[in-house]
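Step one of this worksheet: look at the structure below.
Here the structure is a predicted model, which is why all the values come from computation and not from measurement. What's counted below: heavy atoms across the whole structure, side chains too, no hydrogens, waters or symmetry copies. Just so you know, ligand 1 is whichever comes first in the structure, and atom 1 is the first atom listed for that ligand.
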Amino acid sequence: MPRFGMVIDTRKCVGCMDCVVACQTENDVPNGYCRDWITTEVRGDYPTLALEIRSERCNHCDNPPCVSCCPTGASHVEEFGKTVQVTKEKCIGCKACIASCPYGARYVHPKGYIDKCTFCDHRTREGLDPACVSVCPTHCMHFGDLDDPKSKVSELLRTEKYHTIMPEAGTKPRVFYLI
Ligand code: SF4
Ligand code: SF4
Ligand code: SF4
């Protein structure tokens, strides 16, 4: 079984938000909510400062506190892709997972359950890229199996410099940003 991850080249991201719009359309995300978003951050030390533009979402962490704290098993690691998913029928809306996620990746859906990025599980099971990856006009997003040394994501992580967001939180995030 694959262990999916995402590698995003921040040097190519122009912050156009096509990924955000594609996600909302593909996943029927209600108005006013989002599963992915754009963050900007000034990185580096003067005088070599750079503005990093990042497309962010759930990191599908290898050590997800949102799963271990869920009292009903609604938040779980899916066998296929080792992605972190929420079974909405099991979710009682207690918000423990929201409190535990350092990335603010989850929101309360108006229907009462918790929603977040699924890594487009419904698409990847069909062999397709996630919607956000497929529409990116600069092709800065890559998706694939981190456990396959021949995958593009593995190759990029072997050959390029990258960082993750808040690694100190100890969740072992699986969205990587090339710098
Ligand atoms: Fe859970 Fe947050 Fe990690 Fe996603 S980013 S797996 S919601 S802790
Ligand atoms: Fe689990 Fe739902 Fe509670 Fe989150 S809000 S911890 S998914 S039952
Ligand atoms: Fe949205 Fe799918 Fe991209 Fe996640 S992988 S941000 S659900 S389009």
Side-chain angles (χ1 to χ4, degrees), residues 2-8 13 15-31 33-39 54-78 80-146 153 163-177:
R3 186 173 63 94
F4 287 140
M6 214 178 255
V7 176
I8 302 177
C13 177
C16 67
M17 294 191 63
D18 278 6
C19 51
V20 177
V21 174
C23 179
Q24 289 178 324
T25 307
E26 173 78 21
N27 296 300
D28 207 15
V29 177
N31 278 343
Y33 299 87
C34 57
R35 289 182 175 187
D36 58 348
W37 58 92
I38 301 295
T39 299
R54 287 195 303 262
S55 173
E56 296 186 1
R57 61 196 42 63
C58 169
N59 285 278
H60 294 270
C61 306
D62 271 337
N63 184 25
C66 54
V67 169
S68 48
C69 78
C70 178
T72 69
S75 285
H76 65 282
V77 177
E78 194 71 23
F80 175 74
K82 305 287 185 292
T83 57
V84 174
Q85 306 291 350
V86 182
T87 306
K88 60 183 177 190
E89 294 79 11
K90 284 188 180 176
C91 176
I92 56 173
C94 69
K95 303 183 192 165
C97 56
I98 289 184
S100 76
C101 172
Y103 303 99
R106 293 169 170 245
Y107 69 93
V108 184
H109 191 282
K111 290 187 177 161
Y113 58 87
I114 300 307
D115 192 44
K116 69 167 193 71
C117 165
T118 57
F119 261 0
C120 279
D121 189 59
H122 63 293
R123 289 175 60 95
T124 58
R125 284 178 189 274
E126 304 293 322
L128 299 169
D129 269 336
C132 53
V133 173
S134 70
V135 300
C136 176
T138 68
H139 305 290
C140 73
M141 304 167 76
H142 305 271
F143 182 85
D145 183 4
L146 296 170
V153 285
H163 74 99
T164 54
I165 307 172
M166 270 192 275
E168 66 277 10
T171 66
K172 299 190 179 164
R174 298 211 306 264
V175 178
F176 302 86
Y177 295 92

Subset of ligand 1 atoms that lie under 4.0 Å from at least one heavy atom of [X]:
{"X": "Y103", "answer": "5 (S)"}
{"X": "P65", "answer": "8 (S)"}
{"X": "C58", "answer": "4 (Fe), 5 (S), 6 (S), 7 (S)"}

Using a heavy-atom cut-off of under 4.0 Å, does the side chain or the backbone of T171 touch ligand 1, or both, or neither?
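It is neither part, as no heavy atom is under 4.0 Å.
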Around atom 2 (Fe) of ligand 3, how many protein N, O or S atoms are found at less than 2.8 Å?
1
Within a strict 4.5 Å, meaning less than it, do heavy atoms of the I38 and C19 side chains meet?
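The answer is yes; the side chains approach within 4.5 Å.
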Determine whether K116 and C66 make a side-chain contact, defined as any pair of heavy atoms from C-beta on separated by less than 4.5 Å.
no
Can you tell me how far apart CG (D121) and CD (E78) are? Round to the nearest 0.5 Å.
5.5 Å
Has [X] got a side-chain atom pairing as donor or acceptor with [Y]'s backbone, closer than 3.5 angstrom?
{"X": "Y103", "Y": "I165", "result": "yes"}
{"X": "Q24", "Y": "Y33", "result": "yes"}
{"X": "H60", "Y": "V84", "result": "yes"}
{"X": "R174", "Y": "N59", "result": "no"}
{"X": "Y113", "Y": "K90", "result": "no"}

Residues that R123 engages under salt bridge (Lys or Arg N to Asp or Glu O under 4.0 Å), provided they are two or more places apart
E26
Side-chain donor-acceptor pairs under 3.5 Å in residues 137-146, sequence neighbours left out?
unit_1	atom_1	unit_2	atom_2	d
T138	OG1	K12	O	3.1
D145	OD1	R3	N	2.9
D145	OD1	D147	N	2.8

Check: F4 ring centroid to F119 ring centroid under 6.0 Å
no
How would you list, by chain and number, the residues with a heavy atom under 4.0 angstrom from ligand 2?
C70, P71, T72, A74, S75, C91, I92, G93, C94, K95, A96, C97, I114
